[in-house]
Amino acid sequence: MKAGMTRRSFTMMALGSGVMMAMGTRMRFRSSNAFEWVSLRDGAAFATGNHTTGGNVLAMGSGAEALMIDAKFAGVVAMLRAEAEERVGTRITTLVNTHHHADHTGGNVGLSADANMIAHAAAMTRVARQADRLVSQFNNAETEMRRLGGGSVPEDVIACLSQLKSRAEQMGAGAFVPQKSIDRYPTTLRVGERRVDLHHFGPGHTDNDVVVHLPEINVVHAGDLVFSGRHPFFDPTGGCSAAGWVRSLRQVRQLCDAQTIVVPGHGPIGAADAVDQQIAYIESLIESVGRAIGEGRSKQEVSGMSWDFMQGLGGEQVRSRAIEAVFDELSR
Ligand SMILES: [Zn+2]
């Protein structure tokens, strides 16, 4: 579209200097690890384990290109991108969103001017519809960055943050929605010399889950199909399905062997047993809620119940939400 041309040239101008500033901070970020990056396969890729800043991110460079998977919240992306590029040694050229949720797509604003952004076709309108919420992620962002950076965030990163905020306020949804939607799976991309396989196995955590498989380094980013050590987040308005979630996870498991590194959407980076544990949790949830329904219990009553498989997990505030979603799904 013609407006797109205008918009693109405007944003390249508006953000260009911001990106340069972010790149210019590499030297100063050399020892920074605000996002708790973990090196995978001796530095072939890097992933974050920090939960409070949004979903886990993976960054992988190859030649002059680099992939980033998910982008956390808008308010942290200036620092996130600077740290990711410092680690992979080149500019991020491709961003893949694992699904539309705001803790994975808010940071899209920091890449939309100069990177190819890709998501499932069903994510497009969902990201656009939550644009106001994504823009509001800039509230208190400077305080959050200073906290993450241990009080020592370079002023040019703060300036980049302020440019991204203006960009988000001016463009709204256009600053966040990926340019490229994919509705046929599996799809293979190339990032430099690396192969990147994108999979979608039907509705699970949402109706637009994308699992990213990096076969050459045996790494899978499972998105929020896997919450490791935490209760999974159920979002009926996002098209979740407990039955579909289990089906999707069984397919994810097929991508894994004993050496596979699994990056969950939330929780520590691990291995295929994280997928097994998530399958066990959701199967147990379906079975337990189904049994309670069979006993004639009300939704309110079941919502307050807990079972052994739920013990010792983080994210307690979303536990009853999971029960209620499965209650509704089984009652339909
Ligand atoms: Zn999610």
Side-chain angles (χ1 to χ4, degrees), residues 35 47-58 68-77 80 95-109 117-131 133-134 136-137 176-178 198-212 220-249 251-252 262-270 274-275 277-279 281-282 285 313-326 329:
F35 298 95
T48 61
N50 185 314
H51 171 71
T52 60
T53 55
N56 287 336
V57 165
L58 181 147
M68 195 160 100
I69 303 171
D70 283 345
K72 293 186 177 280
F73 291 114
V76 301
V77 74
L80 175 71
L95 173 78
V96 174
N97 286 141
T98 59
H99 62 298
H100 72 281
H101 280 154
D103 54 335
H104 301 256
T105 55
N108 284 10
V109 62
M117 305 203 315
I118 297 167
H120 188 284
M124 302 293 148
T125 49
R126 291 192 180 281
V127 173
R129 260 187 263 147
Q130 65 189 5
R133 214 175 126 204
L134 298 178
S136 75
Q137 289 180 355
F176 298 94
V177 178
L198 307 183
H199 297 270
H200 170 72
F201 302 118
H205 172 66
T206 65
D207 59 7
N208 58 91
D209 302 329
V210 172
V211 173
V212 186
V220 172
H221 192 313
D224 282 2
L225 284 168
V226 178
F227 283 74
S228 190
R230 311 183 61 80
H231 294 287
F233 178 73
F234 276 74
D235 176 14
T237 65
C240 76
S241 158
W245 199 324
V246 171
R247 280 194 297 273
S248 293
L249 284 168
Q251 297 290 315
V252 175
V262 173
V263 178
H266 298 270
I269 285 108
V275 181
Q277 284 161 18
Q278 191 71 93
I279 292 172
Y281 180 109
I282 296 172
L285 181 61
L313 297 177
E316 178 63 21
Q317 70 280 9
V318 301
R319 189 177 61 82
S320 59
R321 196 186 163 99
I323 297 173
E324 289 168 17
V326 171
E329 186 172 328

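Counting starts at 1 for both ligands and their atoms, following the listed order. A quick note: this is a predicted structure, and the numbers were derived from the prediction, not measured.
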Exercise. Hey, what's the ring geometry for Phe234 with Trp245, parallel, tilted or perpendicular (30° and 60° as the breaks)?
Worked result: tilted

For this session: Using modelled atom types only, decide if a donor and an acceptor are shared between the side chain of Glu329 and the backbone of Ala242 within a distance under 3.5 Å.
Result: yes

Exercise. Between Asn97 and Thr105, is any side-chain donor less than 3.5 angstrom from a side-chain acceptor?
Worked result: no

Exercise. Are Glu316 and Arg319 ion-paired here, with the side-chain N under 4.0 Å from a carboxylate O?
Worked result: yes

For this session: Pick out which of Asp224, Asn208, Thr206 makes a side-chain hydrogen bond (donor to acceptor under 3.5 Å, both in side chains) with His99.
Result: Asp224

Problem set entry | Tally of protein N, O or S atoms, where distance to the Zn ion (ligand 1) is under 2.8 Å | 4

For this session: Check the pair His104, His266 against ring pair (Phe, Tyr, Trp, His ring centres under 6.0 Å), reporting the backbone distance first and the verdict last.
Result: CA-CA 10 Å; His104 301 256; His266 298 270; 5.3 Å; yes

